[in-house]
2 protein chains.
Amino acid sequence: MVRAGSASRPTGRSEDTRRALVDAAVEVLRREGFSAATARAIATRAGCNQGLVFYHFGSVVNLLLAALDEVSDQRRQRYEEALVGVQRPSQLVDLAARVFREDLDTGDAALLVEMIAGATSTPGLGEQVKARVEPWTQFATAALHQVVGASPLAAVVEPAEIAHAVVALYLGLELLSHLDGDRAAALALFDRARHLAALADLITGSTAGPQDEEET
Amino acid sequence: MVRAGSASRPTGRSEDTRRALVDAAVEVLRREGFSAATARAIATRAGCNQGLVFYHFGSVVNLLLAALDEVSDQRRQRYEEALVGVQRPSQLVDLAARVFREDLDTGDAALLVEMIAGATSTPGLGEQVKARVEPWTQFATAALHQVVGASPLAAVVEPAEIAHAVVALYLGLELLSHLDGDRAAALALFDRARHLAALADLITGSTAGPQDEEET
DNA sequence: GTCTATACTTGGATAGAC
DNA sequence: GTCTATCCAAGTATAGAC
């Protein structure tokens with residue numbers, strides 16, 4: 001915790017190396033997937049010796065988890081900022097579409113998928129990844145609550161259930177898009193969803209406007 | 001081409017080895033995932049020498065593709081048989097739920113996901129896997145056509161689009177179920193879908209449709 | 001404390017035995 | 001034609017240099 005030496009610079013002697021490795025791990029996971037994410041491949045991309053992976057992170061999987069944390073944190077922050085002020089279903093769909101397209105393009109979605117699928121091959125990794133996916137489903141649940149609120153929709157919609165489906169759809173669409181090398185099909189779905197959301201807007205909007213919130 | 005020797009039995013001296021390897025590859029992919037599916041791991045499980053992978057299949061990925069073909073073919077056959085006679089939306093949802101649960105339990109869904117995700121790591125594999133996923137989306141599209149038919153639903157439903165979403169959802173739910181070690185959340189979704197499908201039944205049924213037949 | 005050189009294990013592929 | 005013994009590259013991990 002103590003940052004001795006250079007006062008203003010948080011950039012330490014070894015902190016650079018750690019960061020370089022994490023960034024490289026992110027890139028390799030995004031582009032070449034889990035089973036190509038070896039200590040050698042990552043270190044080469046980071047421009048440093050392969051042994052440093054073990055010195056700084058103890059093992060390859062630990063480094064991969066650090067990479068997952070890195071992108072997860074960034075993304076969650078973006079998401080939460082974007083969620084502020086969203087109240088109507090169609091707004092939420094727009095947000096989801098934007099965010100999903102970004103994740104598709106940056107490769108963040110691919111990274112997550114690779115880690116989940118890769119977890120099958122490494123004992124113990126599943127638990128770790130699971131803990132990092134859950135905040136996500138939580139976020140989606142909260143977003144749905146925020147939008148459905150106390151409207152009549154609340155009677156027919158179970159946020160946690162929809163959230164699970166939405167996250168699954170997100171992951172599945174990434175798999176297919178990646179395979180096709182084409183995100184068009186995925187994006188077309190969001191257009192369709194927007195039309196449906198417009199209907200939902202009428203329901204949430206008819207009883208009350210941007211109004212009070214109650215929770216069950 | 002000519003199967004000399006034993007006339008009626010296609011079971012040759014080497015055919016046994018091939019089959020043992022394919023079966024072992026299926027098992028390893030299902031249980032330990034793509035990056036653990038090495039020539040050695042598979043051969044060990046098949047109880048034969050590791051070099052046979054290369055003699056019979058040329059490379060590890062070729063063997064993995066043979067494994068994918070094996071389960072894909074079996075599954076497609078089962079699906080098509082089950083689709084016969086399905087006419088109402090709720091019947092289709094029931095079929096989907098049953099089939100999905102089976103694939104979840106046998107690990108067939110896991111195998112497919114592993115191959116798709118793993119394809120990122122191996123140049124050229126993506127194309128091969130894609131060709132094996134497409135029949136699937138085709139099947140889902142055909143099933144939707146069969147159910148929507150010429151009913152009023154046809155005006156608002158685009159089978160190819162829904163099919164894409166359904167396949168994506170299938171893959172995503174597998175990822176999450178596997179991670180959670182719990183398929184309950186996925187199955188709950190199908191219950192929900194059944195209720196929605198019951199509404200759709202009314203729409204398709206209003207023009208034409210038999211009303212008996214009760215299935216669990 | 002940071003990093004490199006080295007040890008050892010596992011994996012892909014083939015030359016050659018049967 | 002079928003399979004095994006062997007080779008080399010790639011992977012993880014650490015002992016020890018700086």
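Within every chain, numbering begins at 1; the chains are lettered A, B, ... in the order of the sequence lines, protein sequences first and strands thereafter. What you are looking at is a predicted structure, and each value in this text was computed from that prediction instead of being measured.
Two residues, B/L52 and A/G58, neighbour DNA chain D, and the one matched to the more 5' nucleotide by heavy-atom proximity is B/L52.
No more than 12 heavy atoms of other residues, nucleotides or ligands lie within 6.0 Å of CZ in A/R19, so this atom counts as exposed by the packing criterion.
The heavy-atom pair separating A/A119 from A/L125 by the smallest distance is CA-CD2, 3.8 Å. Heavy atoms only, all atoms of each residue included: A/G172 and B/L171 are closest at CA-CB, 4.3 Å. Closest approach of B/D201 and B/S90 over heavy atoms only: OD2-OG, 2.5 Å. When all heavy atoms of A/S35 and B/F34 are compared, the closest pair comes out as OG-CE2, 3.6 Å.
In this structure, B/L144 and B/V157 have side chains that are not in contact, with every pair of non-hydrogen atoms separated by 4.5 Å or more. Annotation: side chain of A/L112 is in contact with side chain of A/R75 (closest heavy-atom distance under 4.5 Å).
Bending across the helix from C/dG1-D/dC18 to C/dC18-D/dG1, expressed as the angle between its end axes from five pairs apiece, amounts to 10° (10° rounding).
Put simply, CZ on A/F54 is 18 Å from P on C/dT6, counting in whole angstrom units. Atoms CG (A/N49) and C1' (C/dA5) sit 8 Å apart, rounded to a whole Å. Rounded to an integer number of Å, the gap from OH of B/Y55 to P of C/dA15 is 15 Å. Atom CD in B/Q50 sits roughly 18 Å away from atom P in C/dT9 (whole-Å rounding). Regarding A/R40, its CZ atom lies at a distance of 13 Å from the P atom of C/dT6, rounded to whole Å. Atom CZ in B/F57 sits about 15 Å away from atom P in C/dG12, given to the nearest Å.
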- Take B/T141 and B/H164 through the test side-chain contact (heavy atoms from CB on, under 4.5 Å) and record every step on the way to the result. CA-CA 8 Å; B/T141 306; B/H164 190 84; over 6 Å; no
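In this structure, B/V53 reaches neither bases nor backbone, as no heavy-atom distance under 4.0 Å exists between it and the strands shown.
B/D108 pairs with exactly one of B/R101, B/R30, B/R76 by the salt bridge (Lys or Arg N to Asp or Glu O under 4.0 Å) rule, that one being B/R30.
In the 5' to 3' direction, nucleotides of DNA chain D lying under 4.0 Å from heavy atoms of chain B begin and end at D/dG1 to D/dT6.
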